[in-house]
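For ligands, and for the atoms within them, numbers begin at 1 and follow the listed sequence.
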Amino acid sequence: MTSVELSGKVALVTGASRGIGYGVAEALVARGDRVCITGRNEDALKEAVDRLGADRVIGIAGKAHDETHQAEAVERVMAAFGRVDYLVNNAGTNPVFGPIADLDLNVARKVFDTNVLSALGFAQRTWHAWQKENGGAIVNIASVAGLAPSPFIGAYGVSKAAMINLTQQLAHEFAPRVRVNAIAPAVVKTKFAQALYEGREAEAAASYPLGRLGVPSDIGGAAAFLTSEQSDWVTGQTLVVDGGIFLNAGVG
Ligand SMILES: NC(=O)c1ccc[n+]([C@@H]2O[C@H](COP(=O)([O-])OP(=O)(O)OC[C@H]3O[C@@H](n4cnc5c(N)ncnc54)[C@H](OP(=O)(O)O)[C@@H]3O)[C@@H](O)[C@H]2O)c1
């Protein structure tokens, strides 16, 4: 149970039983939004709902790229809360590591399905169900890997670049009713990125001008901003939240 006054707004956050999605849901609940979270594992989702507060949060299990799940999620948010002001497309995958020259194209299709087409599918559905008539905002969780070459995770980088352009396409098409922005994080400490820093966090953090890796609440704060009145004149943008790591591009 939370004592924060309800904002009257409702958000749908995909892939939010842990990690960045959970951090986003936490930030939105903290300011009074009611939130629907998704994820594949039903038990993990239920635990997350209980931690966030079952009086204001519901969970709907499914795979983000599955159109039946997308339809069910949006229908159930509308049934439970009567509106869907904000969509945060966070669910993503990065299943391969290696040169793009040897990339299995079926794996690449899967990456695109989960990272790009799922975001489009959810955006189409929240638009038609609520946002087209009533307004709102969409935030796509991209990555710094979509802004520059990302060796050994090329398919992931290409998919995140597509997500950034999808953000611009949607921002243009959905204006002025709905603002659409992206967030491009560098390494955030989650299960997804664990292999990049586990056992060597201090070393990994040393290359960041701000001296540390990201945590989910860093992205939660950015998503809260992009779904608030404070960003009412911002659309089509990609907010880089990276502890300053991109500043190193000009060094040495
Ligand atoms: N962590 C980073 O350093 C980093 C940096 C840049 C961008 N990102 C992006 O941030 C997003 C979240 O990553 P994260 O680091 O928070 O990952 P994470 O800790 O592994 O959490 C992923 C969440 O999404 C759910 N999920 C995974 N695949 C899903 C699918 N196909 N359909 C529905 N739900 C799914 C997971 O639950 P289930 O496993 O139960 O489905 C979990 O709740 C991704 O789009 C990722 O590309 C992450």
Side-chain angles (χ1 to χ4, degrees), residues 12-27 35-49 51-52 57 59-70 72-73 87-97 107 109-122 139-148 150 153-164 166-167 182-198 201 204-205 207-208 212-220 222-223 238-243 245-246:
L12 170 54
V13 186
T14 69
S17 58
R18 62 170 187 267
I20 289 173
Y22 185 87
V24 171
E26 207 170 28
V35 177
C36 169
I37 61 174
T38 77
R40 292 165 302 180
N41 182 301
E42 221 154 321
D43 292 341
L45 202 56
K46 189 176 174 320
E47 265 174 47
V49 167
R51 258 184 294 140
L52 289 164
V57 179
I60 297 167
K63 294 179 181 166
H65 74 277
D66 175 357
E67 292 185 48
T68 307
H69 164 66
Q70 293 167 9
E72 187 202 350
L87 167 67
V88 180
N89 281 309
N90 169 73
T93 189
N94 182 21
V96 272
F97 188 81
V107 173
R109 282 186 194 97
K110 185 174 177 257
V111 171
F112 264 71
D113 233 12
T114 301
N115 293 1
V116 187
L117 295 183
S118 69
L120 174 57
F122 270 106
V139 176
N140 293 324
I141 306 299
S143 167
V144 290
L147 296 170
S150 42
I153 50 169
Y156 176 75
V158 174
S159 76
K160 293 298 188 178
M163 204 180 196
I164 288 167
L166 174 67
T167 300
I183 297 172
V187 173
V188 177
K189 291 198 283 176
T190 67
K191 188 176 174 196
F192 179 88
Q194 221 164 16
L196 298 174
Y197 63 84
E198 212 174 30
E201 186 177 335
S207 55
Y208 282 72
R212 66 170 175 87
L213 302 180
V215 290
S217 60
D218 291 320
I219 312 306
T238 295
L239 179 57
V240 178
V241 182
D242 71 340
I245 192 90
F246 251 55

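- Surrounding CD of Gln194 are more than 12 heavy atoms belonging to other residues, nucleotides or ligands, all under 6.0 Å away.
- Partners of Tyr208 by ring-ring contact (aromatic ring centres under 6.0 Å, His included), not counting sequence neighbours: none found.
- If you look at ligand 1, the protein residues with a non-hydrogen atom under 4.0 Å away are Gly15, Ala16, Ser17, Arg18, Gly19, Ile20, Gly39, Arg40, Asn41, Gly62, Lys63, Ala64, Asn90, Ala91, Gly92, Thr114, Ile141, Ala142, Ser143, Tyr156, Lys160, Pro185, Ala186, Val187, Val188, Thr190, Lys191, Phe192, Ala193.
- To the nearest 0.5 Å, atom CG of residue Asn115 and atom CG of residue Leu120 are 13.0 Å apart.
- Counting heavy atoms from C-beta outward, Phe122 and His69 have side chains that approach closer than 4.5 Å.
- A search for ring-ring contact (aromatic ring centres under 6.0 Å, His included) contacts involving Phe97 returns Phe152, not counting sequence neighbours.
- Listed by chain and residue number, nothing satisfies the ring-ring contact (aromatic ring centres under 6.0 Å, His included) test with Phe246 (two or more places apart in sequence, or in another chain).
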